[in-house]
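Notes for the one structure printed next.
This one's a predicted model, so the numbers in the text were calculated from it and none came from an experiment.
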Amino acid sequence: MNRRGFFKFIGRLAALGAVVGTYGFVIEPGFLMRTQYYAFTPPRWTPGLKMRLVMLADPHLVEPHMPLSRWQRIIAAANEIEGDLILLMGDYVAGHFFRTGTVYVADAAKAAAALKAPLGVFGINGNHDWWEDLTAQRKREGPPLAELAFEDNGI
């Protein structure tokens, strides 16, 4: 391989890296939302009884990847499914190093108060909700700020 061929190879490799990086850090987290549907019948379930669960997991709210406006769009989409029960699976806060701004868990919880389901909206804490709460870590006990914020908003 000559020098010109080597630099062409490096240029193509850099272009490929830029395309993959743009998809992974901008397009996928910023613009794509996936709704996955599952239909199953648990063992010993009452025949004919139907229940629709909506689960929201690991939003990791932080700018620019998951701003509050995107969280609000996800909440609106969850409400459109008209689930009987909504479950929030934690990790509302994020400790990402590459960030342009912070989304406060109190704001995330206030937005989540818009979730509506006849059987209720329930949530749990994730590991990041504990890791990012330095007071709870120092005391070695909870509840973490995320739990208090969501409870203050009826979840």
Side-chain angles (χ1 to χ4, degrees), residues 1-40 52-117 121-153 155:
M1 176 182 290
N2 62 23
R3 201 164 110 165
R4 182 179 298 240
F6 175 74
F7 285 120
K8 280 184 179 180
F9 173 75
I10 294 298
R12 289 179 181 144
L13 192 61
L16 177 64
V19 168
V20 170
T22 299
Y23 177 80
F25 287 100
V26 178
I27 295 170
E28 174 80 23
F31 299 106
L32 301 179
M33 181 169 42
R34 185 182 76 192
T35 302
Q36 182 68 47
Y37 293 91
Y38 297 96
F40 65 93
R52 183 175 286 181
L53 300 176
V54 176
M55 294 176 65
L56 303 178
D58 300 286
H60 294 282
L61 295 154
V62 68
E63 293 182 10
H65 311 293
M66 180 65 89
L68 188 60
S69 59
R70 184 168 185 217
W71 177 236
Q72 291 165 329
R73 287 193 308 273
I74 290 169
I75 289 166
N79 280 333
E80 288 176 10
I81 295 172
E82 296 180 341
D84 298 306
L85 179 68
I86 297 178
L87 304 173
L88 302 174
M89 304 309 294
D91 282 349
Y92 312 105
V93 298
H96 300 321
F97 294 112
F98 302 108
R99 60 174 47 206
T100 59
T102 299
V103 177
Y104 296 102
V105 71
D107 295 333
K110 187 174 182 181
L115 289 165
K116 302 293 180 221
V121 179
F122 299 90
I124 61 170
N125 296 307
N127 56 330
H128 288 268
D129 302 322
W130 286 94
W131 291 346
E132 297 302 315
D133 188 341
L134 299 178
T135 303
Q137 284 188 28
R138 192 171 31 257
K139 291 178 2 183
R140 294 185 169 273
E141 64 181 15
L145 291 173
E147 183 176 335
L148 296 173
F150 279 82
E151 284 178 352
D152 287 347
N153 286 280
I155 297 172

Atom [atom1] of [X] and atom [atom2] of [Y]: how far apart are they, to the nearest 0.5 Å?
| X | Y | atom1 | atom2 | result |
| --- | --- | --- | --- | --- |
| Ile75 | Ile86 | CD1 | CD1 | 9.0 Å |
| Trp71 | Asp107 | CH2 | CG | 12.5 Å |
| Leu68 | Arg73 | CG | CZ | 10.5 Å |
| Leu53 | Ile81 | CG | CD1 | 11.0 Å |

Going by heavy atoms in the side chains, are [X] and [Y] under 4.5 Å from each other?
| X | Y | value |
| --- | --- | --- |
| Val105 | Glu132 | no |
| Lys116 | Val121 | no |
| Leu56 | Leu115 | yes |

Side-chain ([X]) to main-chain ([Y]) donor-acceptor, under 3.5 angstrom:
| X | Y | value |
| --- | --- | --- |
| Asn125 | Gly90 | no |
| Asp58 | Asp91 | no |
| Gln137 | Trp131 | yes |
| Asn153 | Ala113 | no |
| Asn79 | Ala114 | yes |
| Asp129 | Tyr92 | yes |

Looking only at non-hydrogen atoms, find the nearest pair between [X] and [Y] and report the distance.
| X | Y | result |
| --- | --- | --- |
| Val103 | Pro67 | CG2-CA, 4.1 Å |
| Trp130 | Glu141 | CZ3-C, 4.0 Å |
| Ala111 | Gln72 | CB-CG, 4.0 Å |
| Val54 | Gly83 | CG2-CA, 3.8 Å |
| Val93 | His128 | CG2-O, 3.2 Å |
| Ala136 | Pro144 | CB-CA, 4.3 Å |

Discussion item. Does atom CD (Glu151) have a neighbourhood of more than 12 heavy atoms from anything else shown, all under 6.0 Å?
Written reply: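 Result for CD/Glu151: enclosed.
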
Item to complete: Flag the pair His60 / His65 as yes when their ring centroid distance falls below 6.0 Å, and as no otherwise.
Response: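 Not under 6.0 Å, so no.
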
